[in-house]
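First comes the structure, then the notes that go with it.
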Amino acid sequence: MTKVLRHLLWKIKPDPQRQAPIRYVQCRGCEEKSPVEASQAEGDLWAMNHAGRTGHRCYREFAASDLIATPIRDSR
Ligand SMILES: [Zn+2]
């Protein structure tokens, strides 16, 4: 059995076929989470509403982007 192995250099970049990063906000006091949105403003609004309703003041924002690996050249 023969295997041919190729060594390539790769770069990682945002996938142009995908949407903007998705994000949500989580309360650090009770761990309630906002809906997943593409807009930071929606997460901020959720946190302000949550603060007004509960008095909780500390939040953590999570954001995720889709990435794509692209070979840039053969290193052989
Ligand atoms: Zn809370």
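Numbering of ligands and ligand atoms starts at 1, following listing order. Values in this document were obtained by computation on a predicted structure and should not be read as measured data.
Nearest heavy-atom pair, V25 versus A47, reported as atom, atom and distance to 0.1 Å: CG1-CB, 4.2 Å.
With the Zn ion (ligand 1) at the apex, C30 SG and C27 SG define an angle of roughly 110° (rounded to 10 degrees).
For H50, the N, O or S atom with the smallest separation from the Zn ion (ligand 1) is NE2. When the Zn ion (ligand 1) is compared with the N/O/S atoms of H56, atom ND1 turns out nearest.
Here the side chains of D44 and S39 are not in contact, with every heavy-atom distance at 4.5 Å or above.
The side-chain contact (heavy atoms from CB on, under 4.5 Å) test with Y59 singles out one residue from M48, R28, Q26, H50, and that residue is H50.
Put simply, SG on C27 and NZ on K33 are 12.0 Å apart, with the number rounded to the nearest 0.5 Å.
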